Amino acid sequence: MTQGEQRFSRPGVWRHRVDSRPRDQVRIAAIAQAVPTGASSLLEVGCGDASVLAGVATLRPQLSLAGMDLHGAALQAARRTSGQVMLVRGDAVQLPFASRGFDCVVCAEVLEHLPDDLLQGAAAELGRVADGTVLVTVPNRERLRRRHLSCPECGEDFHLYGHAQHFTPDRLRSLIPGFSMMSVDGVGPRRNEWLGAVDGPWRRQRLSREFVVCPSCGWDGMGEAAGVNPGRAGQGAADDLILRSVGRLGARRWLLASYRREDDEVTR
């Protein structure tokens with residue numbers, strides 16, 4: 001069982017909607033605005049709690065929307081607010097949809113969770129079910145080791161969010177077979193991934209409050225229990241100042257890549 005399969009199958013991960021976070025609202029708005037104007041149908045692969053689909057529906061209410069996720073807990077959260085969206089359980093490496101069945105296919109914050117042996121297959125499936133356009137968002141040049149924790153039960157060292165891939169614009173360029181990348185843009189707030197001096201404050205302020213799951217033994221709990229020191233009383237304000245100051249020197253938090261099928265002429 002992979003980290004992603006354990007983490008996102010837990011209802012506790014979905015206790016807060018993704019679109020309740022201001023940074024994710026910016027990302028969702030960018031995705032919605034990137035959907036081609038001529039599209040009439042859209043599928044999100046790895047839809048989670050359907051926050052992205054909700055954002056798209058607000059901007060493009062005429063679209064026929066569908067969402068697919070591997071995890072029942074995610075779909076349960078999605079059904080509470082998804083309205084008329086068709087929701088299906090399935091696997092990104094074997095999508096249960098017809099070839100070229102959707103004008104636009106979105107895959108947001110999913111591909112970074114896949115190990116090398118699954119990433120290529122999932123990318124091919126995105127292209128297979130898309131009739132014209134694929135939109136992908138991934139973390140921008142994430143420093144993976146920065147978000148590793150040690151399980152207090154079995155000692156397993158693992159990434160907090162189950163990320164296994166590091167993406168740059170160049171790596172995204174030829175990601176989807178049969179599609180050309182039309183654009184890649186940084187979206188969201190800035191975040192500095194490379195200044196090691198802020199690792200301590202970042203871990204105190206962020207990781208100690210996160211719900212985590214060990215991919216090896218299944219232990220779940222908060223980051224503080226996994227060895228993240230939350231810091232002394234009164235330290236929070238100083239940590240926030242450091243993080244905000246250093247963050248302004250960094251790149252945008254995510255990359256948004258837009259792909260167009262090479263054998264079609266799709267207008268936006």
Side-chain angles (χ1 to χ4, degrees), residues 1-35 39-97 101-114 122 125-126 129 135-139 160-163 187-189 206 209-213 215 218-223 253-254 256:
M1 181 179 289
T2 68
Q3 162 71 0
E5 289 173 340
Q6 288 200 25
R7 172 177 167 77
F8 295 107
S9 65
R10 304 298 178 92
V13 174
W14 306 104
R15 69 190 190 280
H16 300 301
R17 280 185 59 82
V18 172
D19 57 11
S20 67
R21 300 187 290 259
R23 64 178 183 268
D24 285 291
Q25 293 170 7
V26 174
R27 175 175 60 87
I28 291 168
I31 293 171
Q33 291 166 4
V35 176
S40 61
S41 60
L42 180 146
L43 166 70
E44 184 184 6
V45 175
C47 65
D49 64 8
S51 285
V52 171
L53 291 171
V56 172
T58 298
L59 187 65
R60 303 285 300 281
Q62 78 281 8
L63 277 173
S64 174
L65 300 176
M68 190 220 72
D69 204 281
L70 178 64
H71 309 291
L75 293 175
Q76 184 176 8
R79 290 189 179 101
R80 291 196 287 266
T81 57
S82 59
Q84 299 300 311
V85 175
M86 179 181 72
L87 296 172
V88 177
R89 191 168 184 177
D91 195 323
V93 298
Q94 193 173 4
L95 296 176
F97 302 105
F102 297 88
D103 294 332
C104 181
V105 174
V106 173
C107 189
E109 307 310 294
V110 173
L111 298 180
E112 65 270 19
H113 297 273
L114 302 182
E125 281 288 274
L126 295 177
V129 301
L135 300 176
V136 169
T137 69
V138 292
L160 168 67
Y161 305 121
H163 293 180
V187 297
R206 300 293 184 263
R209 299 196 295 264
E210 294 284 355
F211 181 86
V212 298
V213 178
W219 171 87
D220 59 8
M222 301 305 288
R253 188 183 188 98
W254 296 285
L256 168 59

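Since this is a predicted model, take the numbers as computed values, not measurements. Side chains included, hydrogens not; waters and symmetry mates left out as well; all remaining heavy atoms used.
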Residues two or more places apart in sequence or in another chain: which of them pass side-chain hydrogen bond (donor to acceptor under 3.5 Å, both in side chains) with [X]?
X	value
Glu112	none
Ser40	Asp103
Glu44	none
Asp49	Ser51

If you count heavy atoms of other groups shown closer than 6.0 angstrom to CD of Gln84, is the number above 12?
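Open: at most 12 neighbouring heavy atoms sit under 6.0 Å from CD of Gln84.
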Mind listing the closest non-hydrogen atom pair of [X] and [Y] along with its distance?
X	Y	result
Val56	Leu63	CG1-CD1, 3.7 Å
Leu87	Ala78	CD1-CB, 3.8 Å
Pro96	Val88	CG-CG1, 4.0 Å
Phe211	Arg7	O-NH1, 2.6 Å
Ala39	Arg60	O-NH2, 3.5 Å
Val187	Ala30	CG1-CB, 3.8 Å

If you round to the nearest 0.5 Å, how far is [atom2] of [Y] from [atom1] of [X]?
X	Y	atom1	atom2	value
Glu125	Cys107	CD	SG	11.5 Å
His113	Tyr161	NE2	OH	10.0 Å
Asp69	Arg89	CG	CZ	8.5 Å
His163	Leu114	NE2	CG	10.5 Å

- Task: Please name all residues satisfying ring-ring contact (aromatic ring centres under 6.0 Å, His included) with Trp219, sequence neighbours left out, ordered by chain then number.
- Result: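 Residues passing ring-ring contact (aromatic ring centres under 6.0 Å, His included) with Trp219: none at all.
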#### Entry: Side chain proximity check, Glu210 to Met222, heavy atoms < 4.5 angstrom
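Not touching, per the 4.5 Å side-chain cut-off.
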Does the side chain of Cys47 reach to within under 4.5 Å of the side chain of Val106, using non-hydrogen atoms?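 They are not in contact (no side-chain heavy atoms under 4.5 Å apart), so the answer is no.
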For [X], give me all partners under side-chain contact (heavy atoms from CB on, under 4.5 Å), at least two apart in sequence or on another chain.
X	answer
Val93	Asp91, Leu118, Ala122
Pro61	none
Ala57	Leu65

Sequence neighbours excluded, every pair satisfying salt bridge (Lys or Arg N to Asp or Glu O under 4.0 Å) that has a member inside residues 24-35:
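Residue pairs with at least one partner in residues 24-35: Arg21-Asp24, Asp24-Arg27.
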query: Which pairs count as ring pair (Phe, Tyr, Trp, His ring centres under 6.0 Å) when at least one residue sits in residues 12-35, sequence neighbours excluded?
result: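 Every ring pair (Phe, Tyr, Trp, His ring centres under 6.0 Å) pair that includes a residue of residues 12-35, provided the two are not neighbours, is Phe8-Trp14.
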Residues in salt bridge (charged side-chain N to carboxylate O under 4.0 Å, His left out) with Arg17, at least two apart?
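Result, salt bridge (charged side-chain N to carboxylate O under 4.0 Å, His left out) vs Arg17: Asp19.
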